[in-house]
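Below is one structure, written out as structure tokens, with a few remarks after it.
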Amino acid sequence: MPTVTPELLAELSAIHARVVAAHRDLDQAMRAARTREHELVPELEAYDLLALPNTNDQIASITYRFRERLIRIAEAQFSPSQSARFSIPRADITQAFPSNDSFDAAALWAHLEATYKPVAAKSAFADVARKLIDAFNLERNPKIERKGNALVLNKWVSCEKSFSGKTELSYHSAESVVQAFFALAGFAEWAGASHVAAQIRAYLNRTHFHHLEIASRERVTLAAGELEVITFQTRFEFRFGGALATQLPIFVGQFARKVA
């Protein structure tokens, strides 16, 4: 992502202004040409040989794209981590900047920094907590199981037989398991275990969960002593150790009331 500087903002505003002016000039030229066309061949007027574009719609689209670039830069810079992404409500931006043909990059960036940067981390981790609570049904059953020195969360899944007779994750469960892993990566970032989050992301990148064959009691170690997964045909058992085991109840307790 580029570094946002006053010079960058000024240049973006200038480029937008030039593009809008060019579209306005083109609109005038097209209207003049069409008027002359109709004067020269009035019998063909109904065919609109020179069709006019909707200039206002084109400019609105251009303005949206210019704003969207800054918004995405802000989301990337304000997000607390790679696995906990902050999202800016687009409807709020439309309300704050209702004009479709003006783009003041400096004003938009100042608004983004003042409005969203102070709350970005809290909002992003609250969203992670919401996904974690949904994934492991913690709203109904907030008690976290302990097995020995490990804390355990169960992710219930369904499997189905493939044409080849293999036992595979159902499509819905595959999607749900992926979302659970993403949420856990965000939690790991919050807990200061960025290396665990990186291992989760790497595991997601190399594992195709759709049509994943499930072997009961297969153990996947993502971070030795910190996170491992044991697969069953009805559930995935996530075991947390070390700092993650200490931080998990704190994370859920801190955010659960806010997202329930």
Side-chain angles (χ1 to χ4, degrees), residues 1-41 44-128 130-131 179 182-183 185-186 189-190 194 197 201 204-205:
M1 286 291 175
T3 301
V4 176
T5 63
E7 293 75 17
L8 173 66
L9 297 173
E11 182 66 16
L12 286 174
S13 294
I15 293 172
H16 178 270
R18 290 198 296 270
V19 172
V20 169
H23 275 271
R24 295 293 187 201
D25 290 343
L26 177 62
D27 181 72
Q28 291 183 353
M30 289 290 291
R31 290 182 185 279
R34 189 161 114 163
T35 297
R36 184 57 179 158
E37 170 217 346
H38 289 173
E39 291 173 351
L40 293 172
V41 283
L44 298 178
E45 181 174 348
Y47 291 97
D48 285 334
L49 298 181
L50 292 175
L52 293 178
N54 190 321
T55 301
N56 288 333
D57 285 351
Q58 290 181 326
I59 291 174
S61 177
I62 291 166
T63 301
Y64 170 82
R65 292 199 295 273
F66 269 79
R67 288 175 180 167
E68 187 67 15
R69 279 163 173 74
L70 274 188
I71 292 170
R72 292 187 181 185
I73 291 172
E75 287 177 332
Q77 292 189 1
F78 300 166
S79 291
S81 73
Q82 187 175 347
S83 301
R85 309 295 294 178
F86 173 63
S87 179
I88 294 173
R90 297 320 193 252
D92 290 359
I93 303 303
T94 301
Q95 184 175 3
F97 297 89
S99 174
N100 287 328
D101 58 3
S102 64
F103 174 69
D104 185 336
L108 175 57
W109 186 255
H111 175 77
L112 294 173
E113 283 199 311
T115 306
Y116 301 107
K117 190 174 183 178
V119 301
K122 187 175 182 179
S123 176
F125 284 124
D127 185 58
V128 169
R130 182 180 300 109
K131 292 174 181 176
Q179 291 306 311
F182 273 123
E189 296 274 19
W190 176 88
S194 57
R201 290 193 297 269
L204 287 172
N205 287 336

**Message:** Evaluate Leu9 against Leu70 for side-chain contact (heavy atoms from CB on, under 4.5 Å), listing each step before the verdict.
**Reply:** CA-CA 9 Å; Leu9 297 173; Leu70 274 188; 4.0 Å; yes
**Message:** Quick one, Arg36 with Glu39, criterion salt bridge (charged side-chain N to carboxylate O under 4.0 Å, His left out). Give me CA distance, side-chain angles, the key distance, then yes/no.
**Reply:** CA-CA 5 Å; Arg36 184 57 179 158; Glu39 291 173 351; 2.9 Å; yes
**Request:** Dump the intermediate steps for side chain to side chain donor-acceptor pair (under 3.5 Å) on Ser61 and Arg65, then the final yes or no.
**Result:** CA-CA 6 Å; Ser61 177; Arg65 292 199 295 273; 2.7 Å; yes
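Nearest heavy atom pair, residue Ala106 against residue Ser13, reads N-OG, 4.4 Å. Considering every non-hydrogen atom in both Thr63 and Ser99, the closest pair reads CG2-O, 4.4 Å. The nearest pair of heavy atoms linking Ala183 to Val128 is O-CG1, 3.3 Å. The shortest heavy-atom contact between Ala197 and Ala185 is CB-O, 3.4 Å. In plain terms, the two heavy atoms of Ala74 and Leu112 that are nearest each other are CB-CD1, 3.9 Å. Shortest non-hydrogen contact noted between Phe125 and Ala84 is CE2-CB, 3.6 Å.
With 3.5 Å as the limit, one finds no donor-acceptor pair spanning the side chains of Thr35 and Arg31.
Proximity of a side-chain donor or acceptor of Asn205 to a complementary backbone N or O of Arg201 within less than 3.5 Å is detected.
Residue Ser123 holds its OG atom at 13.0 Å from CZ of Arg85, rounded to the nearest 0.5 Å. The distance from the CD atom of Glu11 to the CD1 atom of Ile15 is 4.5 Å, given to the nearest 0.5 Å. Note that CZ of Arg18 and CG of Asp25 are 13.5 Å apart. Values are rounded to the nearest 0.5 Å. In this structure, CD in Glu68 is found 4.0 Å from CZ in Arg90, a value given to the nearest 0.5 Å.
Heavy atoms from other residues, nucleotides or ligands lying under 6.0 Å from CZ of Phe182 number 12 at most.
Note: His111 and Tyr116 have perpendicular aromatic rings, judged against thresholds of 30 and 60 degrees for the angle between ring planes. Below 30°, between 30° and 60°, or above 60°: for His16 and Phe66 the angle between ring planes is above 60°, a perpendicular geometry.
A salt bridge links Arg130 to Asp127: one of the charged nitrogens lies within less than 4.0 Å of a carboxylate oxygen.
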